[in-house]
Amino acid sequence: MSDETLLAERRNGAPLRAKTGRSGLESRQRHAKARAASSFSGFAYWATIVFFFMPLVVLLVASFDKEKGGEWSGFSFIWYVKLFTESGELWRAFGNSALIAFASALTATVLGTLAAIGVTWYKFPFRGYVRTLNFLPMILPEIVIGISLLVFFAGVGLKLGLVSIYIAHATFNLPFVFLMVSARLDEFDYSVIEAARDLGASEFQTLMKVIVPMSMPGIASGFLTAVTLSLEDFVITFFVTGPGATTLPLFVYSAIRFGVSPVINALSVVMVAGTVALILPLRNYLKYIAAK
Amino acid sequence: MNGSDVTISRVGKSFGSFAALDDVSLDIRKGEFFSLLGPSGCGKTTLLRILGGFEVPDEGTVAIDGVDVVGLSADKRRTNTVFQSYALFPHLSIFENVAFPLRLRKVPPKVLSSRVKDYLALVQLEAHADKMPAQLSGGQKQRVAIARALINEPSVLLLDEPLSALDAKLRQHMLVELDSIHDKVGITFIYVTHDQGEALSVSDRIAVMNQGKVLQVGPPHEIYEDPATDFVARFIGETNLFRGAVVRSEGLLATVAIPEVGEVLVTTDDPVPAGSSVSFAVRPEKIRIAAQKPAAARKDLNVVKGAVDEPIYSGFQTKFYVRTEKGVTFKVFKQHADYSDKGPEIKWRQEVFLSWSAEDGTLVEVARP
Amino acid sequence: MTARPTKGGALYALPNALWLTFFFLAPLLIIVAYSFMKKGLYGGVENEFSLRAYALLANAGIVKVAFRTLLVALAATALTILIALPVGYNMARSKNQTLKLFLVIVPFWTNFLIRIYAWIAILGNEGTINGFLRSVGLISDPIHLMYNQGAVILVLVYMYLPYAVLPLFSTMDKFDFILLDAARDLGAGKLESIVKVMLPNVRSGLVTAVLFTFIPIFGAYAVPLLVGGKDGYMLGNVIADQVMKVRDWPFASSISMVVTFVSTIGVLLFLARQKRPGVSKEQAAALAAEAAVAAGGGR
């Protein structure tokens, strides 16, 4: 064994070390330096946060700018006033978005939850098929989903409009609800179901009184995700929309394409504030149920 | 391999407002098996992490072989650590875990392979080289961690509660094995534990710590027989400890008045003047328990009368809790050393006499007037 | 958890299966079929087998766009991961995980298009940067920051960074950081310990992060359209143009097949990873779900 050589190697590799008995100041500096060495990731994090918030700050500032353009021309509430008084089309788009979000999320939640329960706790012939079907749409690029739905609707002769958007949204929302509820159900043991049946609950009672309540955090977050995804979606909606069926993202899109009104700035600020105000308590509530 | 001596002087470390280490100084000798013993939160692990290069002390110096290592990161030190959780790399096989330090130093494959095998042999794991950490038992993981820490030929091995995750039987076994590895490699071992039994059985010397301070440093028997503070007396083994005051002093024989017990004779290393306030301690196994009052053959025999509150039989010995007339409880261990001595002939609630000689008691925390 | 054989199971899953078969699988199969058909006279298709749509893929213009798409997607993904690694690490080691997580998520509660619009407001000729430079007198004519590949990559990184940060954070959060101490103790440098010990152990998060950024970026449509202009066009834009303007459905379908094929390779890699010990399907699913919620649907 070449212990000696390895030992020598290690010794030589060791940096020059001073003898003990340095001055207190010098020693303190070394102490401080050793601690500061770990701050690279901290810098990366905070720089990223600045990057993330920069566009929002720009929108916020621009929303109070009297005139449109890159230079500051004075403080004004004019765009907020216009947003709430002269933007009928925008609010109609918002109404459409809200309607589709609610309807598609509800559909996805019901169908997704039921399938998650079936796949998690039962064995049946097309179980693998359901699993795969509920995985693929999440992975496929949305442009492909959008195009294929457009072609499909044209083929079956469905008039493009709110209904086609609703179907499209429910379709891409389904897998997310399925996954979230499945993840929640996986945390429970089947003996819970057996206990319910043992205590006299029928299959339906077990579903309503045991399975659904205990997977509520998963169902609720699945529903919320579906609402968010639906409100957000632009690409798929863009392909399956028809005349008159404008959603909020579509409205923003045409505003960008055909001359931006700073009303959009005001709208963005209101939307972020609204989302934070809405989602924060909901999230806390979810955490609260999850903790229970 | 060669051990190093480690000099810790006036080291302090705080986390926020919590002082983990407060002015700690220790001299650890070359090749010594040295234990840092104390309850959780006493600062022993922080001290070990400072030695390993994972924490930087707020003040003070740490020198290995006289060379200051504060500010030197863990990879630049000739210390290696056996972590409490073993910290085996889950993505690497046992062989690769042990080979890890050698690969970092680009040791040629042939040398590497033979050395890894040597070290796996040292911990008797040659047969498991190709397994993954998840496939090993706790004791085996422990051995891999030891082999991995030793392969770099450190001059100091730091062990952070290495046996705490093992069950009692295995712990005993690993303790013996650690001791024999220490004998084989001859380097300095610094062993952190909260288990006084472990520390007493393998250490050359022990430092007992509490609340960031070192309370006493010494060989195991000294720590056990002659604790420096009430805390040490209570923390190491079991004891009967009472506060009292010296009322008479004749040379090395002191008479201590203890309110709950009465007057007790005790021999001391130096004369303790009357009027000193003291703690008096006597170990349970040094007290004899009998149904009859012992004949007063010796004048320095202490005798206390009481009644058995609770006899606890545990095979090799019986533990008695004896309540005295003044209402304090003494712990007494009676060993069943002889074949004839099969168990407690002394029964529950029986009246008994406890006795011990003046040499068997000890004074702790003496405050001279 | 093993499934129990019961007659009711199929009933639970049936509506979901039917819905997805009709509205996901069938449309997808139609696209596959269309890609092998002839273009109709006024849009649509003619019921006749043809490889014309695939032959068109060899067209120099398409090859160029495909190459650009791949390049942009690779560059944006690489940048995203490089930024996400230290960010996720910092969050995983932080004591204020909730706050740090929150700060990452909040900006993405803004609408997808509004975020793109905000970048136009920053980068445009009339935008913040040009406005600032003009007001301090550094320039008189605007610099063209938009409508180039740099702008596309910048905005794509912005859009998909949380998708990379969140799975990395959540696997790093489960990583035992003592292992880094152990590596340092055994002689590894700081970076060495991260590369040799941490990265192999957070590989599932890394793979998820790469897929969640690469696949959507490869199929990107809105970002290149709005900040890239004609020169920044990616495959997604070509597909859309073929459908909406040229009305060449077979060709749009064959390009879609290419995009799907590239994404599928990614998915297969992803599934292959799951067979290895340590990463369960449930974990992957949970990660997917988490990224979806957190990014608030930046899809």
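Below, chains carry the letters A, B, ... as their sequence lines are ordered, and counting in each starts from 1.
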Please look at [X] and chain A and tell me whether the side chain, the backbone, both or neither of the residue comes under 4.5 angstrom of a heavy atom of that chain.
| X | result |
| --- | --- |
| Met244(C) | side chain |
| Pro15(C) | both |
| Tyr221(C) | side chain |
| Leu103(C) | both |
| Leu28(C) | both |
| Ser94(C) | neither |
| Ile114(C) | both |
| Leu154(C) | both |

Below 4.5 Å from any heavy atom of chain C, which atoms of [X] appear? Answer side chain, backbone, both or neither.
| X | result |
| --- | --- |
| Ile147(A) | both |
| Thr48(A) | side chain |
| Ile167(A) | both |
| Ala226(A) | neither |
| Ile49(A) | side chain |

Heavy-atom pairs under 4.5 Å with chain A: which of [options] has the most?
| options | answer |
| --- | --- |
| Ile31(C), Asn111(C), Val165(C) | Asn111(C) |
| Thr110(C), Leu14(C), Ile30(C) | Thr110(C) |
| Gly124(C), Ser263(C), Pro86(C) | Pro86(C) |
| Ile83(C), Leu226(C), Leu18(C) | Leu226(C) |

Exercise for the section: Measure the CD-CZ distance between Glu142(A) and Phe239(A) for me, rounded to the nearest 0.5 Å. Expected result: 9.5 Å
Problem - Most chain C-contacting option - heavy-atom pairs closer than 4.5 Å, from Leu267(A), Val177(A), Val130(A), Leu59(A) - result: Leu59(A)
Handout entry: Among the listed options Leu150(A), Val156(A), Val227(A), Leu207(A), the residue most often paired with chain C at heavy-atom distances under 4.5 Å
Key =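 Counting heavy-atom pairs under 4.5 Å, the top option is Leu207(A).
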Exercise for the section: Taking Tyr12(C) for its side chain and Val119(A) for its backbone only, find out whether a donor-acceptor pair lies under 3.5 Å. Expected result: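 Answer holds: no.
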Exercise for the section: Show the numbers, then the answer: is there a ring pair (Phe, Tyr, Trp, His ring centres under 6.0 Å) between Trp119(C) and Phe51(A)? Expected result: CA-CA 11 Å; Trp119(C) 278 104; Phe51(A) 177 55; 5.7 Å; yes
Problem - Reference residue Leu140(A); test side-chain contact (heavy atoms from CB on, under 4.5 Å); the match among Ile215(C), Thr260(C), Val259(C) - result: Thr260(C)
Exercise for the section: Answer with yes or no whether the side chains of Thr21(C) and Tyr129(A) bring together a donor and an acceptor at under 3.5 Å. Expected result: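 Yes, Thr21(C) and Tyr129(A) have a side-chain donor paired with an acceptor closer than 3.5 Å.
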Practice task
Kindly write out the residues that satisfy ring pair (Phe, Tyr, Trp, His ring centres under 6.0 Å) with Phe214(C), not counting sequence neighbours, or none if the list is empty.
Solution key: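 Phe214(C): ring pair (Phe, Tyr, Trp, His ring centres under 6.0 Å) contacts with Phe218(C).
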Practice task
May I have the step-by-step check of side chain to side chain contact (heavy atoms under 4.5 Å, CB included) for Asn130(C) and Met146(C), ending in yes or no?
Solution key: CA-CA 11 Å; Asn130(C) 274 314; Met146(C) 284 234 306; over 6 Å; no
Handout entry: Toward chain A: residues of residues 234-242 of chain C with heavy atoms under 4.5 Å
Key = Gly236(C), Ile239(C), Ala240(C)
